[in-house]
Structure formats: C-alpha cells, structure tokens
There are 2 protein chains.
Amino acid sequence: MKATFGEYIRQLRTNKGLTLTELAALLKLDSANLSKIENGKREFDEKRLDKLANAFELDFEKLKVEYFGDQFAKKMYAYNCSSETLMVVEEKVNYLKSINVKQAEIKF
Amino acid sequence: MKATFGEYIRQLRTNKGLTLTELAALLKLDSANLSKIENGKREFDEKRLDKLANAFELDFEKLKVEYFGDQFAKKMYAYNCSSETLMVVEEKVNYLKSINVKQAEIKF
DNA sequence: TTAAATTTGTCATTTAATGACAAGTTAAAT
DNA sequence: ATTTAACTTGTCATTAAATGACAAATTTAA
C-alpha cells in the first residue's frame with residue numbers, strides 16, 4: 001500500500017461511500033478530527049484500530065502493518081534515518097525475542 | 001549492535017570508566033533516571049542524542065540508526081508486528097520522499 | 001563495615017495528545 | 001446564484017504521558 005495511513009483511511013471510506021461524519025461516528029471521534037487524520041494533520045490513535053478494522057472488515061494483522069509501517073516511515077523520513085535503520089530493527093526485534101525466551105525459560 | 005539502546009549506553013559508559021553520575025552530568029540528567037534508561041525502564045530523550053554523541057565522539061548518523069532502530073523494534077515487539085512491516089516502511093519512506101512531504105522540525 | 005555506585009519508588013511538573021466545537025471553505029444540486 | 005451537505009481549519013480546555021527531582025533502599029567494591 002503506497003500511501004500514508006490517512007490516505008488509506010480516506011480511500012476505504014470513500015470506496016464505501018461514507019461521509020466523514022458517518023465514519024467518525026463508527027470510530028467514536030469528531031468528524032473534524034477525522035478530517036485532520038485523513039489529511040495527515042493528526043495521528044490516528046492506535047486504540048481505535050479495532051474499530052477501524054470492524055468498520056471495513058479488515059484483517060487486523062494487516063492493519064497493524066499498515067499503521068505501524070506508517071508511523072515508522074514518518075519518523076524515518078522526518079529524521080532522515082538511513083535505510084540501514086531497518087536492518088537494525090530486524091536485529092533488535094530478534095534480540096528482544098531471544099531475551100524474552102530466556103526469561104520464559106527461567107520461569108518454568 | 002545486538003542490544004537495546006539502554007544496554008548500548010551502559011556499554012559505552014563502562015568502557016570509558018564513567019559512573020552514572022558522571023555521564024548523567026554530561027547528559028544533563030539525573031543519575032537515577034540514567035540508571036532507569038540503561039535498564040530499559042525509561043526512554044532516552046531524543047533531545048539528548050547530540051550530547052550523547054559528543055560524550056563518546058560517536059558518528060551521529062550511526063547513533064540515529066541505533067536510537068530509532070531501538071524505538072521501532074520495541075514497538076514491533078510489543079505489538080507483535082509481522083516482519084512484513086519493515087517492507088512497508090521502506091515503501092512508505094520512498095512514498096514520502098516522492099511526494100516531498102514537508103519535513104517536521106528536527107531538533108538536532 | 002563503610003563509602004560509593006546503582007537501583008527503585010514516588011510525585012509534582014512539564015509537555016504532548018486528544019476532544020470538542022465554532023467558523024470557514026469547497027462542492028454538488030437545484 | 002442560492003442553498004445545503006461535506007469537508008477543512010483554528011483554537012482551546014482537558015486528558016494523558018513523559019520527565020525531573022529527590023529520598024530511600026540495595027548492591028558492590030575497597
């Protein structure tokens with residue numbers, strides 16, 4: 001998906017023929033703020049990801065990819081992080097997993 | 001670098017034979033809070049990345065990779081994001097570059 | 001055993017995120 | 001052209017999260 005998260009939501013919404021007010025109601029937020037979200041002027045609150053998934057019957061795992069992918073990309077772009085950053089993320093995720101495994105082993 | 005950002009700082013610090021109090025002074029923060037940072041109980045504030053780079057004569061670009069890599073990895077791990085997320089990040093960074101989104105204010 | 005170093009707990013303060021609503025603009029329909 | 005719904009923008013009070021500060025407890029090393 002080559003778009004910001006805001007653009008992604010707008011696409012979903014317009015495809016389904018919903019107005020800002022209608023979708024905002026489903027997401028339990030103000031239509032003015034949803035407008036800002038779609039236009040990249042506010043962040044979508046991760047607490048509403050489940051409501052978004054329900055509204056459009058989306059696979060939640062894929063939605064997370066879209067959402068967090070957007071978040072990380074914005075930061076990387078804003079701070080001009082080299083693409084090497086992503087390799088390091090992969091390493092570090094594995095490291096965190098390995099530590100967690102060790103902790104779990106100690107428990108039992 | 002296979003470690004959390006806190007572990008990374010601790011390594012730098014102990015290699016140089018500094019105490020928490022000494023490094024904390026260089027970073028303009030409380031030694032108790034630096035301890036929490038090294039132990040992963042608080043976040044290192046990005047406003048201090050420059051001070052950290054100075055304290056240890058680090059390449060700033062590499063430090064950013066380490067720092068943001070850590071941040072993203074923690075989130076990915078906490079939310080169990082699939083590794084596909086990183087592909088999406090790459091796509092989205094390119095997308096942001098292509099549409100030349102106005103850069104956020106960068107503090108360093 | 002004692003002094004320095006580190007860790008932990010707590011809380012007031014600062015800072016950022018959010019909700020809410022008014023006012024403005026755009027777009028479509030008649 | 002006027003009206004109406006849809007959308008955008010601006011602002012501000014409130015809420016929630018991050019941070020600073022310091023006391024107290026624990027660990028480490030001399």
Side-chain angles (χ1 to χ4, degrees), chain A residues 3-52 55-56 64 67-68 70-75 77-79 99 103 106, chain B residues 3-52 55-56 67-68 70-79 99 101-108:
Chain A
T4 66
F5 196 70
E7 288 164 350
Y8 171 66
I9 293 177
R10 169 148 296 183
Q11 190 125 42
L12 289 168
R13 177 174 66 80
T14 54
N15 281 352
K16 218 177 172 182
L18 296 176
T19 66
L20 282 171
T21 305
E22 288 166 339
L23 178 55
L26 294 176
L27 300 177
K28 303 273 192 278
L29 60 77
D30 189 289
S31 66
N33 291 330
L34 179 54
S35 169
K36 288 170 195 160
I37 288 167
E38 290 187 353
N39 290 297
K41 300 181 175 173
R42 279 210 186 190
E43 290 304 314
F44 187 84
D45 186 338
E46 84 195 17
K47 285 170 194 153
R48 274 189 263 258
L49 281 178
D50 60 335
K51 293 194 181 70
L52 187 62
F56 298 107
K64 281 196 301 185
Y67 178 72
F68 289 106
D70 184 77
Q71 299 248 309
F72 302 162
K74 276 179 187 157
K75 274 234 158 166
Y77 181 70
Y79 289 94
I99 283 180
Q103 286 173 344
I106 290 167
Chain B
T4 66
F5 196 71
E7 288 165 350
Y8 171 65
I9 293 178
R10 169 149 297 185
Q11 190 124 41
L12 288 167
R13 177 174 68 80
T14 53
N15 281 352
K16 217 177 173 181
L18 297 175
T19 65
L20 282 171
T21 306
E22 288 167 339
L23 179 55
L26 294 176
L27 299 178
K28 303 272 191 277
L29 60 75
D30 189 288
S31 67
N33 291 329
L34 179 55
S35 168
K36 286 169 195 161
I37 289 167
E38 290 187 353
N39 290 297
K41 300 181 175 172
R42 279 209 187 191
E43 290 304 313
F44 187 84
D45 186 338
E46 84 194 18
K47 285 182 291 202
R48 275 189 263 258
L49 281 178
D50 59 337
K51 293 193 181 67
L52 187 63
F56 297 109
Y67 179 72
F68 290 106
D70 184 78
Q71 298 250 310
F72 302 162
K74 276 179 188 157
K75 274 233 159 167
M76 276 191 64
Y77 180 70
Y79 288 93
I99 65 175
V101 164
K102 187 182 144 198
Q103 293 234 13
E105 292 262 330
I106 294 176
K107 303 94 174 172
F108 33 74

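Order of the sequence lines sets the chain letters (A, B, ...), proteins ahead of strands, with each chain counted from 1.
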Would you say A:Thr14's side chain and A:Arg10's backbone share a donor-acceptor pair under 3.5 angstrom? yes

Side-chain N,O (A:Lys41) to OP1/OP2 (D:dT9) below 4.0 Å: yes

Decide whether B:Glu43 and B:Gln71 meet the rule of one side-chain donor and one side-chain acceptor closer than 3.5 Å. yes

For the atom pair CZ (A:Phe44) and CG (A:Leu49), what is the distance rounded to the nearest 0.5 Å? 5.5 Å

Take the protein atom CG of A:Leu20 and the nucleotide atom P of D:dT9, then report the distance between them rounded to whole Å. 12 Å

Take atom CG of B:Leu34 and atom C1' of C:dT8, then tell me their distance rounded to the nearest Å. 15 Å

Who passes side chain to side chain contact (heavy atoms under 4.5 Å, CB included) against B:Glu7, sequence neighbours left out? A:Tyr95, A:Ile99, B:Ala3, B:Thr4

Assuming nearest nucleotide by heavy-atom distance, tell me which of B:Arg10 and A:Phe44 is located more 5' along DNA chain C. B:Arg10

Scanning both residues in full, the closest heavy-atom pair of A:Asp45 with A:Tyr67 reads C-OH, 4.1 Å

Using whole Å, report how far CD1 of A:Ile37 lies from P of D:dC7. 14 Å

Spacing of A:Lys51 atom NZ and A:Leu29 atom CG [to the nearest 0.5 Å]: 9.0 Å

Please report the distance, rounded to the nearest Å, between CD1 in A:Ile9 and P in D:dC7. 14 Å

If every non-hydrogen atom of B:Leu23 is compared with every non-hydrogen atom of B:Ala55, which pair is closest and at what distance? CD1-CB, 4.3 Å

Any sub-3.5 Å donor-acceptor pair from B:Arg42's side-chain atoms to B:Lys36's backbone N or O? no

CD of A:Glu38 versus C1' of D:dC7: gap in Å, rounded? 10 Å

For C:dT7, does OP1 or OP2 lie under 4.0 Å from any side-chain N or O of B:Asn39? yes

Return the minimal non-hydrogen interatomic distance between A:Thr19 and A:Arg13, and the atom names on each side. C-NH1, 3.5 Å

Base, sugar-phosphate alone, or nothing: which one does B:Ser35 contact when heavy atoms must sit under 4.0 Å apart? base

In whole angstrom, what separates B:Leu18's CG from C:dA5's P? 11 Å

Taking five pairs at each end, how big is the angle between the two axes of the helix from C:dT1-D:dA30 to C:dT30-D:dA1, to 10°? 40°

Roughly, in whole Å, what's the span from CZ in B:Arg48 to P in C:dT15? 12 Å

Let me know the distance between NZ of B:Lys51 and P of D:dT19, rounded to the nearest Å. 13 Å

Please encode protein proximity along nucleotides 20-26 of chain C as a string of B, S and -, counting only heavy-atom distances under 4.0 Å. BBB----

